[in-house]
There are 2 protein chains.
Amino acid sequence: MSTVNHVPNQLLTRKLEAIFALTDDERQGIQGLPIQIKEFKTNQAIVQEGDCPSQCCMVLEGATCTYKMTIEGKRQILALHVPGDMPDLQSLHLKVLDINIASISTCKLGFIQHTDLRGLCERYPRLTAAFWRETLVHASIFREWLLNNGQRESYIRIAHLICELAVRLNAVGLVQDDSFKMPATQAELADATGVTPVHMNRVIKALRADGLISNKQSKITIPSWERLKEAGEFDSLYLHLLNKATDPVPTSEKEYH
Amino acid sequence: MSTVNHVPNQLLTRKLEAIFALTDDERQGIQGLPIQIKEFKTNQAIVQEGDCPSQCCMVLEGATCTYKMTIEGKRQILALHVPGDMPDLQSLHLKVLDINIASISTCKLGFIQHTDLRGLCERYPRLTAAFWRETLVHASIFREWLLNNGQRESYIRIAHLICELAVRLNAVGLVQDDSFKMPATQAELADATGVTPVHMNRVIKALRADGLISNKQSKITIPSWERLKEAGEFDSLYLHLLNKATDPVPTSEKEYH
DNA sequence: CGTTCGATTGACGTAGATCAAGTTACGTGG
DNA sequence: CCACGTAACTTGATCTACGTCAATCGAACG
């Protein structure tokens, strides 16, 4: 509940630095941005369809998801957000929200007022491009999910999603020794890939049997990144990562190959 | 091949006017934007995955689609574009393209150099917001397609897509007497909704049998917008249309109800 | 007036859904 | 720090929406 803690501003700075060198002025502008920190428990609503928010948020710790429901009550998870992501940046320009965002773990979010963000963008027009770019990358991920869910059979589809999570988590330093904490439950992964939880469980079992992943509890280990990537037909181009060091290969393989 | 023809600039002006009142200055800036017109036959590539375009385009006449392929050669159509849409505006900020765009009918496109567009946005910062918004609306459509293709059964899914096309075509004046020219073939609609062409055909047959649509050739007529909307679980919120007159109800029902 | 692309139809096959139990982990309060 | 309740994970048996394969038909166009 304070703006004194500068950790969130530093995460934001790092995010934008990934795109281009900030000037000292710009960096100071970001450091001065008031960010309100809020904590959430698992499965809490953050914003909802129909809301007209006057702020947007950034994930600092934990994970959130964007979802929509059909009339019959089926849920499609449209996006998973990890630290550094700004799940509802779109609300800056689309007044009424067409999505729901909820926490999927205990998590910490930083809230930035639209007015502050707009002010920052006016003062430093190059930052506008950086934030715009953030929304474009998320759009690109939506497209890849559309391809993935629409045209790939479930085994490949799920391997693909695991690859994406590995790469995105690795990009923010959350992969160690080829392992990461899976932020979503099997039921959530099922709602993201359009299969039933039962089927998700069977596919994960198969991936495990094939030696593509191993897990104790929510800690996933990827024995061979190359093999998983191949199984998931994964190419990270669509993530538009700029730091090629963090791009396709989680930590260990960077060192060994 | 000329920038003398001002029709494309007017379409662009109208598009942006839909969001907020332009100043005379801004309007003149847009009018002065060099736009190169090019014509395409059906099924021609416009841009492709891996390209680094230095321009982006706007559909003036006809229709285009964005798609991606899996390794096995299955195609997912990710978006359909009608006049007024800017299919690859994202290339302004994402250097290398992760999608393919092709014509799905004979069509006329207007090409704008990135440098010209960037110049315009620098001179009139409010226009930046307008273009950003265009990309956000497309992202919102991706999300709805993800929900539609992932969670709704094919009958509802296809009715939903037809609703979307009707509303979007109506918004640019291409619906008359509850009828419009379907811009896509059944095979293309199949690739957009993740079903086989055979199944698409059967669902369309069923929609026809149920009196939700009628068609001679590519001309689709919607006898009752209310019934189709209900069948497709359609709510146009996600299209973020501002002109509520063009929002949910194609022409005739606006007059009769 | 044949060629070609799109629409249509029938017979049959299957990936993944559904239903129905378990079983295992873990957070919480005593 | 243990017991207990709840959420997450597993597994087997059966079912179905949609896919696949294989023609045929119709209309636009050179």
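Just so it is clear: chains get the letters A, B, ... in the order the sequence lines come, proteins before strands, and each one is counted from 1. What you see is a predicted model, and the numbers here were worked out from it, not measured in a lab.
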Checking the side chain of [X] only, and the main-chain atoms of [Y] only, is there a donor and an acceptor separated by less than 3.5 Å?
{"X": "D235(A)", "Y": "L237(A)", "answer": "yes"}
{"X": "R157(B)", "Y": "R152(B)", "answer": "yes"}
{"X": "S103(B)", "Y": "T106(B)", "answer": "no"}
{"X": "N100(B)", "Y": "Y67(B)", "answer": "yes"}
{"X": "E49(B)", "Y": "L97(B)", "answer": "no"}
{"X": "T66(A)", "Y": "L78(A)", "answer": "no"}

Angle class for the H160(A)/Y238(A) ring planes (parallel below 30°, perpendicular above 60°, tilted otherwise)?
->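 Answer is parallel, since the angle falls under 30°.
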
Mind checking T196(A) for me? I need base, sugar-phosphate or nothing, with any heavy atom below 4.0 Å counting as a touch.
->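 Since a base atom lies under 4.0 Å of T196(A), the category is base.
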
To the nearest Å, how far apart are [X] [atom1] and [N] [atom2]?
{"X": "M182(A)", "N": "dC9(D)", "atom1": "CE", "atom2": "C1'", "answer": "14 Å"}
{"X": "N149(A)", "N": "dG16(C)", "atom1": "CG", "atom2": "P", "answer": "12 Å"}
{"X": "I156(B)", "N": "dA17(D)", "atom1": "CD1", "atom2": "C1'", "answer": "13 Å"}
{"X": "E153(B)", "N": "dA17(C)", "atom1": "CD", "atom2": "P", "answer": "14 Å"}
{"X": "L207(A)", "N": "dC9(D)", "atom1": "CG", "atom2": "P", "answer": "15 Å"}
{"X": "D191(A)", "N": "dA7(D)", "atom1": "CG", "atom2": "C1'", "answer": "15 Å"}
{"X": "H199(A)", "N": "dT11(D)", "atom1": "NE2", "atom2": "P", "answer": "14 Å"}
{"X": "K219(A)", "N": "dA8(D)", "atom1": "NZ", "atom2": "P", "answer": "22 Å"}

Bend angle of the helix from dC1(C)-dG30(D) to dG30(C)-dC1(D), from helix axes over five pairs at each end, nearest 10° =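 Helix axis angle between the two ends: 50°.
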
Do the side chains of K68(B) and E144(A) get nearer than 4.5 Å, heavy atoms only?
->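 SC-SC contact between E144(A) and K68(B) confirmed.
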
What is the per-nucleotide protein-contact pattern of nucleotides 3-10 of chain C, from the 5' end, where B denotes a base atom under 4.0 Å from a protein heavy atom, S denotes such proximity for sugar-phosphate atoms only, and - denotes neither?
-> ----SBBB

Enclosure of K181(B) NZ (heavy-atom neighbours >12, cutoff 6.0 Å) |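 More than 12 within 6.0 Å, yes.
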
